[in-house]
Amino acid sequence: MQTLAHCFKPDASIIIPCKNEGDNVKMTVDSLMAALPSSETEIIVVDDLSQDDCCRFLQADSRYAKIQYISLPGLGAAQARNYGAAAAKGEYLVFCDAHITVQEGWLASLLNTFNRPGVDAVSPAIGSIANPDAVGYGQTWNARLETAWLPVPARMETTRAPLLPGGCLAVHSSVFQQVGGFDRGFIVWGHEDVELSLKLWLFGYGLYINPAVKILHLFRQKHPYRVTFDYVHYNLLRMAYSHFNNNRVDKVIALVKPYGKSERIIRNVLKSGVLDQRQDYYKRRQRDDDWFMSEFQIPF
């Protein structure tokens with residue numbers, strides 16, 4: 001079910017996927033509304049089958065009448081973001097987690113980054129709500145394809161980053177559409193943001209961090225819904241088959257084998273049509289995964 005609350009043409013669309021967020025989603029929406037020029041920005045909340053009524057406040061209070069609300073039947077984090085993007089009208093899509101806070105002027109400063117040559121997607125610095133001085137400036141991969149936060153760039157200048165964190169990620173809507181958005185075959189949760197980052201780089205686009213803009217993020221010890229290694233490994237393998245050469249696919253398989261069920265997960269990934277997607281991506285991309293790993297000194 002989709003409720004369209006307004007028909008203006010915004011500069012940007014902020015898309016907030018959520019599932020069992022409790023009071024966090026209201027905290028996020030209130031923070032955004034207090035910091036944004038409402039006449040130029042739309043906010044879209046995508047509720048992916050929450051069971052805790054975390055979005056009920058949107059319909060119970062007239063202050064949220066302009067918020068666009070989309071209800072989904074539990075399609076997973078990647079698809080929730082894609083549905084939000086499909087409903088968005090803005091020139092820029094800004095994907096935000098449902099557990100962040102922002103400061104006044106953050107969006108204008110972030111979107112100004114697109115005026116720089118070569119910027120197709122950008123993230124702010126991301127600090128911890130619990131410890132605002134703990135700040136990451138984009139992410140990279142280590143030798144086991146685990147994400148690691150990057151330190152502050154030299155002279156606090158806008159700089160390239162191999163991976164943009166999904167907690168807050170802005171991308172030009174036409175670029176998002178050209179690459180097909182978040183992987184439509186992903187399930188539940190895991191690797192959505194890194195797959196999109198990798199795909200954008202391979203398709204010839206540029207990803208940047210603007211360290212002068214900072215938002216705060218609630219880092220949690222566990223998900224408010226069930227996430228298993230099977231889900232995460234499925235998405236990891238689907239990403240590998242979509243983008244990596246055979247050598248790296250084998251290395252990813254070796255990473256997930258110790259957890260068990262790898263053969264079943266591989267079979268399911270291959271049944272999902274990923275090899276057709278791989279063939280399509282290989283035809284369309286402008287760079288390969290060797291370039292990516294070398295360019296960003298990732299030892300994988």
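FYI, the numbering just counts along the sequence from 1.
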A.B. asks: With a 4.5 Å cut-off on side-chain heavy atoms, are M27 and T101 touching?
C.D. replies: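 Yes, close enough: below the 4.5 Å cut-off.
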A.B. asks: Where do N142 and I298 come nearest, in terms of heavy atoms and distance?
C.D. replies: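 N142 and I298 have their closest heavy atoms at O-CG2, 4.3 Å.
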A.B. asks: I'd like to check L196 versus L200 (side-chain heavy atoms, cut-off strictly below 4.5 Å). Are they in contact?
C.D. replies: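 Answer yes - side chains close enough.
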A.B. asks: What distance separates D53 CG from Q59 CD, expressed to the nearest 0.5 Å?
C.D. replies: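 So the CG of D53 and the CD of Q59 are separated by 10.0 Å.
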A.B. asks: In Å and rounded to the nearest 0.5 Å, what is the OH to CD1 distance from Y231 to I187?
C.D. replies: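 Taking OH in Y231 and CD1 in I187, the distance rounds to 7.0 Å.
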A.B. asks: Can you give me the closest heavy-atom contact between V274 and S242, atom names plus distance?
C.D. replies: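 That closest heavy-atom pairing would be CG2-OG, 3.4 Å.
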A.B. asks: Group every Ile, Leu, Val, Met, Phe, Trp and Tyr by side-chain heavy-atom contacts under 4.5 Å, then state whether I129 and L32 land in the same group.
C.D. replies: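 No, separate clusters.
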A.B. asks: Using the six-membered ring wherever Trp is involved, compare the ring planes of F244 and F300 and label them parallel, tilted or perpendicular (cut-offs 30° and 60°).
C.D. replies: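 If you compare the ring of F244 with that of F300, the planes turn out tilted.
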A.B. asks: Looking at every heavy atom in both A212 and M156, which two are closest together, and how far apart are they?
C.D. replies: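 Looking at all heavy atoms of both residues, the closest pair is N-CE, 4.3 Å.
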A.B. asks: If only atom types and distance count, is the side chain of T28 paired as donor or acceptor with the main-chain N or O of I100 below 3.5 Å?
C.D. replies: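 Yes, the answer is positive, given that a donor and an acceptor are paired below the 3.5 Å cut-off.
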A.B. asks: Answer with yes or no whether the hydrophobic clustering places I126 together with L216; edges join I, L, V, M, F, W, Y residues whose side-chain heavy atoms lie under 4.5 Å apart.
C.D. replies: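 Hydrophobic grouping puts I126 apart from L216.
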A.B. asks: State, to 0.1 Å, how close R238 and S272 come at their nearest heavy-atom pair, and which atoms those are.
C.D. replies: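 In terms of heavy atoms, the two residues are closest at NH1-OG, 2.7 Å.
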A.B. asks: How about Q139 and D193: does a side-chain donor come under 3.5 Å of a side-chain acceptor?
C.D. replies: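 Checked: Q139/D193 side chains show no N/O donor-acceptor pair below 3.5 Å.
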A.B. asks: Is there a path of hydrophobic side-chain contacts, each under 4.5 Å between heavy atoms of I, L, V, M, F, W or Y residues, that connects L163 with V152?
C.D. replies: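 Linked, L163 and V152 end up in one cluster.
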A.B. asks: Please set out all donor-acceptor pairs under 3.5 angstrom arising from side-chain atoms of residues 166-181, sequence neighbours excluded.
C.D. replies:
{"from": "H172", "atom 1": "ND1", "to": "S174", "atom 2": "N", "distance (Å)": "3.3"}
{"from": "H172", "atom 1": "ND1", "to": "S174", "atom 2": "OG", "distance (Å)": "2.9"}
{"from": "H172", "atom 1": "NE2", "to": "E91", "atom 2": "OE2", "distance (Å)": "3.2"}
{"from": "S173", "atom 1": "OG", "to": "E91", "atom 2": "O", "distance (Å)": "3.0"}
{"from": "Q178", "atom 1": "OE1", "to": "Y205", "atom 2": "OH", "distance (Å)": "3.3"}

A.B. asks: Quick check: do V45 and Q68 have side-chain heavy atoms less than 4.5 Å from each other?
C.D. replies: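 Of all side-chain heavy-atom pairs linking Q68 with V45, none is under 4.5 Å.
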A.B. asks: Within a radius of less than 6.0 Å around CD of Q103, do more than 12 heavy atoms belonging to other residues, nucleotides or ligands occur?
C.D. replies: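 At most 12 heavy atoms, drawn from other residues, nucleotides or ligands, come within 6.0 Å of this atom.
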A.B. asks: Check the pair F57, V29 against side chain to side chain contact (heavy atoms under 4.5 Å, CB included), reporting the backbone distance first and the verdict last.
C.D. replies: CA-CA 10 Å; F57 74 97; V29 170; 4.2 Å; yes
A.B. asks: Do the charged groups of R56 and D23 touch, with an N to O distance under 4.0 Å?
C.D. replies: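 So R56 does not pair with D23 through a salt bridge.
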A.B. asks: Determine whether E157 and T159 make a side-chain contact, defined as any pair of heavy atoms from C-beta on separated by less than 4.5 Å.
C.D. replies: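 Counting from C-beta outward, E157 and T159 never come under 4.5 Å.
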A.B. asks: Carefully, step by step, assess R248 and M293 under the rule side chain to side chain contact (heavy atoms under 4.5 Å, CB included).
C.D. replies: CA-CA 11 Å; R248 288 197 177 90; M293 300 299 178; 3.5 Å; yes
A.B. asks: Is atom OH of Y282 surrounded by more than 12 heavy atoms (other residues, nucleotides or ligands) closer than 6.0 Å?
C.D. replies: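 It does: Y282 OH has more than 12 such atoms within range.
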A.B. asks: For I209 and P124, which heavy atoms make the closest approach, and how far apart are they?
C.D. replies: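 Minimum heavy-atom contact is CD1-O, 4.2 Å.
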A.B. asks: Between K66 and E42, is the closest basic N to carboxylate O distance under 4.0 Å?
C.D. replies: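 The answer is no: the pair does not qualify as a salt bridge.
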A.B. asks: Just wondering, do F203 and Q286 contact through their side chains at under 4.5 Å, heavy atoms?
C.D. replies: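 Result no, sub-4.5 Å side-chain heavy-atom pair not found.
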A.B. asks: Kindly determine whether L198 and W141 satisfy side chain to side chain contact (heavy atoms under 4.5 Å, CB included), including the steps that lead there.
C.D. replies: CA-CA 11 Å; L198 173 65; W141 273 319; 4.2 Å; yes
A.B. asks: If we count only N and O atoms by modelled type, under 3.5 Å, do the side chains of Y137 and N210 hold a donor and an acceptor together?
C.D. replies: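 Side chains of Y137 and N210: no pair found under 3.5 Å.
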A.B. asks: Among R284, R278, K283, find the one that has a salt bridge (Lys or Arg N to Asp or Glu O under 4.0 Å) with D280.
C.D. replies: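 Answer after filtering R284, R278, K283: R284.
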A.B. asks: Under 3.5 Å, side chain of D289 to main-chain N/O of N245, donor-acceptor pair present?
C.D. replies: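 Yes, D289 side chain to N245 backbone: donor-acceptor pair under 3.5 Å.
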A.B. asks: Indicate the atoms forming the closest heavy-atom contact of H243 with E195, along with that distance.
C.D. replies: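 H243 and E195 have their closest heavy atoms at NE2-OE2, 2.7 Å.
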A.B. asks: Could you walk me through whether I215 and W106 pass side chain to side chain contact (heavy atoms under 4.5 Å, CB included), step by step?
C.D. replies: CA-CA 8 Å; I215 63 113; W106 74 280; 4.0 Å; yes
A.B. asks: Would you say that V122 contacts L207 through its side chain, given a criterion of any heavy-atom pair below 4.5 Å between the two side chains?
C.D. replies: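 V122 does not reach L207 side chain to side chain.
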A.B. asks: Would D276 and Q279 count as a side chain to side chain donor-acceptor pair (under 3.5 Å) here? Give the steps.
C.D. replies: CA-CA 5 Å; D276 290 336; Q279 187 175 21; over 6 Å; no
A.B. asks: Could you pull out all donor-acceptor pairs under 3.5 Å where a side-chain atom in residues 249-265 meets a protein atom, sequence neighbours excluded?
C.D. replies:
{"from": "K261", "atom 1": "NZ", "to": "D230", "atom 2": "OD2", "distance (Å)": "3.4"}
{"from": "R264", "atom 1": "NH2", "to": "D230", "atom 2": "OD2", "distance (Å)": "3.0"}

A.B. asks: Are the aromatic rings of F219 and H217 close, with centres under 6.0 Å apart?
C.D. replies: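 Yes.
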A.B. asks: Could you pull out every donor-acceptor pair under 3.5 Å between side chains of residues 14-22 and any protein atom, sequence neighbours left out?
C.D. replies:
{"from": "K19", "atom 1": "NZ", "to": "D48", "atom 2": "O", "distance (Å)": "2.9"}
{"from": "K19", "atom 1": "NZ", "to": "L49", "atom 2": "O", "distance (Å)": "3.4"}
{"from": "N20", "atom 1": "OD1", "to": "Q51", "atom 2": "N", "distance (Å)": "2.6"}
{"from": "N20", "atom 1": "ND2", "to": "P224", "atom 2": "O", "distance (Å)": "3.2"}
{"from": "E21", "atom 1": "OE1", "to": "N24", "atom 2": "ND2", "distance (Å)": "3.4"}
{"from": "E21", "atom 1": "OE1", "to": "H99", "atom 2": "ND1", "distance (Å)": "3.2"}
{"from": "E21", "atom 1": "OE1", "to": "R220", "atom 2": "NH1", "distance (Å)": "3.0"}
{"from": "E21", "atom 1": "OE2", "to": "H99", "atom 2": "ND1", "distance (Å)": "3.1"}
{"from": "E21", "atom 1": "OE2", "to": "R220", "atom 2": "NH1", "distance (Å)": "3.4"}
{"from": "E21", "atom 1": "OE2", "to": "R220", "atom 2": "NH2", "distance (Å)": "3.2"}

A.B. asks: Is the shortest heavy-atom distance from the side chain of N235 to the side chain of E192 under 4.5 Å?
C.D. replies: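 Side chain of N235 against side chain of E192, heavy atoms only: contact under 4.5 Å found.
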A.B. asks: From I70 CD1 over to L72 CG, what is the distance, rounded to the nearest 0.5 angstrom?
C.D. replies: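 Reported value, rounded in 0.5 Å steps: 6.5 Å.
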A.B. asks: Are L150 and V119 in one and the same hydrophobic cluster, where Ile, Leu, Val, Met, Phe, Trp and Tyr link if side-chain heavy atoms are under 4.5 Å apart?
C.D. replies: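 No, L150 does not connect to V119 through the hydrophobic network.
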A.B. asks: Check whether Y225 and F229 end up in the same hydrophobic cluster, where Ile, Leu, Val, Met, Phe, Trp and Tyr are linked by side-chain heavy atoms less than 4.5 Å apart.
C.D. replies: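 Hydrophobic grouping puts Y225 apart from F229.
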A.B. asks: So, taking the atom named CG in L75 and the one named OH in Y83, what distance separates them when rounded to the nearest 0.5 Å?
C.D. replies: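 Here the rounded value is 5.5 Å.
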A.B. asks: Examine distances only and state if a side-chain atom of D11 and a backbone atom of T41 form a donor-acceptor pair shorter than 3.5 Å.
C.D. replies: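 Looks like no, no N/O pair under 3.5 Å.
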A.B. asks: What's the separation between atom CZ in R81 and atom SG in C96, rounded to the nearest 0.5 Å?
C.D. replies: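 R81 atom CZ to C96 atom SG measures 9.5 Å (nearest 0.5 Å).
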A.B. asks: Any side-chain to backbone donor/acceptor pair from S109 onto G105? Under 3.5 Å, distance only.
C.D. replies: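 Yes, S109 side chain to G105 backbone: donor-acceptor pair under 3.5 Å.
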A.B. asks: Is the distance from the ring center of F296 to that of W201 below 6.0 Å?
C.D. replies: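 They qualify: ring centres under 6.0 Å apart.
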A.B. asks: Do you see a donor-acceptor pair shorter than 3.5 Å between the side chains of D47 and Y69?
C.D. replies: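 D47 vs Y69: donor-acceptor pair found between side chains.
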A.B. asks: Do Y64 and M33 have side-chain heavy atoms sitting under 4.5 Å apart?
C.D. replies: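 Yes, close enough: below the 4.5 Å cut-off.
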A.B. asks: Just wondering, are more than 12 heavy atoms of other shown residues or ligands nearer than 6.0 Å to CD in E146?
C.D. replies: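 Above 12, so yes.
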A.B. asks: Flag the pair F186 / H191 as yes when their ring centroid distance falls below 6.0 Å, and as no otherwise.
C.D. replies: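 So the answer is no for these two rings.
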